[in-house]
**Q** 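Okay, here's the structure, questions in a sec.
Quick note: residue numbers are just sequence positions, from 1.
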Amino acid sequence: MQPVFKVGSKDFTGYVKISGLGWERNDVESPKSGRTMDAVMHRKRLAQKRKLTITCRELSYPEIHALSIAVNPEFIDVTFLDPALGVVTKKFYGTSISTTTEGTRNGVVYFSDTKFEIVER
């Protein structure tokens, strides 16, 4: 099985740094979950949601432009390798994206330290 990172039908797997796809599974709890006065935990898990943290390799302007446009919509369909489920497609929303202008080589502007997080809807 290979790592994969697609937004919609566009494959951005090659944009992600080696070890640049961070994965979290978070429980969504009922408001009634919590500890009682006897310190016993009472839980009611309503759902589990994924959060992905993506760190990219150095990207040219055309690459960062395409990626930035792809992750800009309010909600996006993302295909990725989930450690628990295998390759899946889920709906996510973006939180932020940051990058640093690296410089120009052969007339092309490059960006480094591109990072962003997306959270499952």
**Q** Check whether any side-chain heavy atom of His42 lies under 4.5 Å from a side-chain heavy atom of Thr36, and answer yes or no.
**A**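 Yes, at least one pair of side-chain atoms sits under 4.5 Å.
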**Q** Test: ring-ring contact (aromatic ring centres under 6.0 Å, His included). Region: residues 14-36. Which pairs qualify, not counting sequence neighbours?
**A**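 Only Phe12-Tyr15 qualify under ring-ring contact (aromatic ring centres under 6.0 Å, His included).
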**Q** Contact between Thr79 and Val87 at the side-chain level, heavy atoms closer than 4.5 Å - yes or no?
**A**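 Thr79 vs Val87: side chains touch.
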**Q** Distance check, rounded to the nearest 0.5 Å: Phe80 atom CZ versus Ile54 atom CD1?
**A**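 Separation between the atoms: 9.5 Å.
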**Q** Does any part of the side chain of Glu63, heavy atoms only, come nearer than 4.5 Å to the side chain of Ser60, both counted from C-beta?
**A**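 Counting from C-beta outward, Ser60 and Glu63 do come under 4.5 Å.
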**Q** How far does OG1 of Thr89 sit from CD1 of Ile76, to the nearest 0.5 angstrom?
**A**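 Atom-to-atom, Thr89:OG1 and Ile76:CD1 are 11.5 Å apart.
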**Q** Below 4.5 Å, heavy atoms only, C-beta onward: do Leu52 and Phe92 meet side chain to side chain?
**A**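 Heavy-atom side-chain distance check passes, below 4.5 Å.
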**Q** Donor-acceptor pairs are to be reported for all side-chain atoms of residues 107-121 against protein atoms at under 3.5 Å, with residues two or more places apart or in another chain.
**A**
residue : atom : partner : partner atom : Å
Ser112  : OG   : Glu102  : OE1          : 2.5
Thr114  : OG1  : Thr99   : OG1          : 2.6
Glu120  : OE1  : Arg50   : N            : 2.9

**Q** Does Asn106 CG have over 12 foreign heavy atoms under 6.0 Å away?
**A**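 It does not: Asn106 CG has 12 such atoms or fewer within range.
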**Q** Start with the C-alpha gap between Val78 and Phe5, add the side-chain angles, then the distance that decides, and say whether side-chain contact (heavy atoms from CB on, under 4.5 Å) holds.
**A** CA-CA 7 Å; Val78 176; Phe5 180 72; 3.7 Å; yes
**Q** Would you kindly confirm whether Leu67 and Val4 end up in one hydrophobic cluster when ILVMFWY residues are joined by side chain heavy atoms under 4.5 Å apart?
**A**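 No, separate clusters.
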**Q** Please, which pairs that meet salt bridge (charged side-chain N to carboxylate O under 4.0 Å, His left out) have at least one residue in residues 10-25, sequence neighbours excluded?
**A**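 Checked against salt bridge (charged side-chain N to carboxylate O under 4.0 Å, His left out) - neighbours excluded - the pairs reaching residues 10-25 are Glu24-Lys51.
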**Q** Which other residues end up in the same hydrophobic cluster as Ile18, if Ile, Leu, Val, Met, Phe, Trp and Tyr are linked when side-chain heavy atoms come under 4.5 Å apart?
**A**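 Members other than Ile18 - counting any ILVMFWY side chain reachable under 4.5 Å - there are none.
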**Q** Do Leu59 and Tyr61 have side-chain heavy atoms sitting under 4.5 Å apart?
**A**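 No, side chains not in contact.
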**Q** Taking salt bridge (charged side-chain N to carboxylate O under 4.0 Å, His left out) as the test, write out the residues that go with Arg105, two or more places apart.
**A**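 Counting only residues at least two positions away or on another chain, Arg105 forms a salt bridge (charged side-chain N to carboxylate O under 4.0 Å, His left out) with Glu58.
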**Q** Please name all residues satisfying side chain to side chain donor-acceptor pair (under 3.5 Å) with Glu29, sequence neighbours left out, ordered by chain then number.
**A**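 Glu29 satisfies side chain to side chain donor-acceptor pair (under 3.5 Å) with Ser33, Arg43 only.
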**Q** Under the side-chain contact (heavy atoms from CB on, under 4.5 Å) criterion, do Asp77 and Val7 qualify, and how do the steps go?
**A** CA-CA 6 Å; Asp77 291 321; Val7 179; over 6 Å; no
